[in-house]
2 protein chains.
Amino acid sequence: MPRAGLDPAAVVAAGAALADEVGLTNLTMGLLAERVGVRTPSLYKHVSGQEDLNRRIAVLALREAADAVGGAVQGYAGRDALAAAARAFRTFVVEHPGRYAATIGVEPSGPDDPLATEGMRVLGAFTAVLRGYEIAESDLDHALRMLRSLCHGFATLQAANGFQWSADIDESFEWLIAFADRGLRAL
Amino acid sequence: MPRAGLDPAAVVAAGAALADEVGLTNLTMGLLAERVGVRTPSLYKHVSGQEDLNRRIAVLALREAADAVGGAVQGYAGRDALAAAARAFRTFVVEHPGRYAATIGVEPSGPDDPLATEGMRVLGAFTAVLRGYEIAESDLDHALRMLRSLCHGFATLQAANGFQWSADIDESFEWLIAFADRGLRAL
DNA sequence: GCTAAAAGCTAATCGGATTAGCCAAGCCTG
DNA sequence: CAGGCTTGGCTAATCCGATTAGCTTTTAGC
């Protein structure tokens, strides 16, 4: 019986991929074990359980989201930066619904928790976008929360297939970006 | 052994209440059975299983949300209506996080599904709000999605304790309402 | 080559969901 | 008011996924 050569990172990556494919709620230890070519109990050599797995997937997701959003914003400012960030975020959520779902509801245990660190990086990327607008210091937090709510809400609704009707979803999202941009410029 | 006098509605109502208390993910058939004073298998005389229970809780939640938002809007227009609707929605989600969570990810089986009906009622309430603004027909759907994303995103982030930092959450929400109002009036 | 930690495995336990099958309560009819 | 049917509840049993226990083999380091 040759070793599978697993390590926590490989297990987590496979778990995240599987969550994207079958949905986080259908991600089972048995399914993941099968995917990585190992018997179920062997997974416990790398992650301490389902909760731990979920946490690690969440950290991975936040890191990737932060990279995506942060990278997309590079070199842009104002409306272009806003559009790039929003698009990158939504693309990430829609393409990786399972791992993004893992980030919802997990709470960092403290300021040193990687979960907190990566979460801050995502916020940092959006904060960078806001710096391109003339926003009063007192409005910054609120604007950040607005942006976050908008992106999170739209992306999760789309990922959950929550938009049934007529209008084109991409078009709605672009409309949303324009709406937010006008509002932010008017502050 | 006297009868408990249960019926599907009572089971669903208890399930929704329990979900709000302990979180939807911790809602277990055993816990619910205990709550309604019956042994676990007896629940299956009223709901066909966990998935069915979840669906029914979702229908209940959407009905209540539609009632809350629709009722709050009565007699108001424009910014007042927007504020009333948004506040009612957020209050509902924050006070009933469990049952609202049940609405996420469930898909109506068809146009006659009560889930679809009640969902439409919620949308209808928000659509009524938008009628108080001068919005071009072509912008209506987008504006509705924007409003929905904003409310859904903010409420779920708050319910998941997703806002860690400094600024006051209620204040942010009021800021959000004002932001949306200005944007909608500028259309 | 020797050894100990690491990584797999099988077997067993546990808990929650669900099903099978039995029984009593309540209602409706004659 | 008894008989019988339907309904709601119960116990026992099954199933499945998570997790733990304990054994074995690989393999890095000496």
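Labels below follow one simple rule: chain letters A, B, ... track the order of the sequence lines, proteins then strands, and each chain is numbered from 1. The figures here come from the full heavy-atom set of this structure, side chains too, leaving out hydrogens, waters and symmetry mates.
- Proximity note for K45(B) (side chain, C-beta onward) versus dT19(D), dA20(C), dG8(D): the nearest is dG8(D).
- The phosphate of dG8(C) has OP1 or OP2 within less than 4.0 Å of a side-chain N or O from H46(A).
- The phosphate of dA7(C) (OP1 or OP2) has no side-chain N or O of S42(A) nearer than 4.0 angstrom.
- If you measure from atom CG of L43(B) to atom C1' of dT7(D), you get 15 Å, rounded to the nearest angstrom.
- Put simply, CG on D52(B) is 12 Å from P on dT19(C), counting in whole angstrom units.
- Distance from the side chain of R39(A) is smallest to dC9(C) among dC10(D), dG9(D), dC9(C).
- For E34(A), the CD atom sits in a loose shell: 12 or fewer heavy atoms of surrounding residues, nucleotides or ligands are nearer than 6.0 Å.
- Look at CG on N26(B): it is 14 Å from C1' on dG15(C), rounded to the nearest Å.
- Rounding to whole angstrom units, CG of residue L6(B) and P of dA25(C) are separated by 17 Å.
- Atom CZ of R182(B) sits in a crowded spot, with more than 12 heavy atoms from other residues, nucleotides or ligands closer than 6.0 Å.
- Heavy atoms of other residues, nucleotides or ligands lying less than 6.0 angstrom from CZ of F163(B) number more than 12.
- Counting to the nearest Å, the P atom of dG16(C) and the CG atom of L18(B) are 13 Å from each other.
- In this structure, L32(B) places its CG atom 15 Å from C1' of dG9(D), rounding to the nearest Å.
- The side chain of V38(A) lies closest to dG8(C), out of dA21(D), dA18(D), dG8(C).
- Whole-Å rounding puts the M29(A) CE to dT19(D) P distance at 6 Å.
- Both cation-pi conditions hold for R90(A) and F173(A): the charged atom is under 6.0 angstrom from the six-membered ring centre and inside a 45 degree cone around its axis.
- OP1 or OP2 of dA18(D) lies within a sub-4.0 Å distance of a side-chain N or O belonging to T28(A).
- Here dT19(D) is the nucleotide among dT10(C), dT19(D), dT11(D) with the atom lying nearest to any side-chain atom of Q50(A).
- Where G49(A) and T40(B) each meet DNA chain D at their nearest nucleotide, the meeting point lying more 5' is that of T40(B).
- Regarding Y44(B), its OH atom lies at a distance of 17 Å from the P atom of dG21(C), rounded to whole Å.
- The backbone N or O of D113(B) lies less than 3.5 Å from a partner atom in the side chain of T117(B), making a donor-acceptor pair.
- Comparing D7(B) and P41(B) by the nucleotide of DNA chain D that holds the closest heavy atom to each, the one mapping nearer the 5' end is D7(B).
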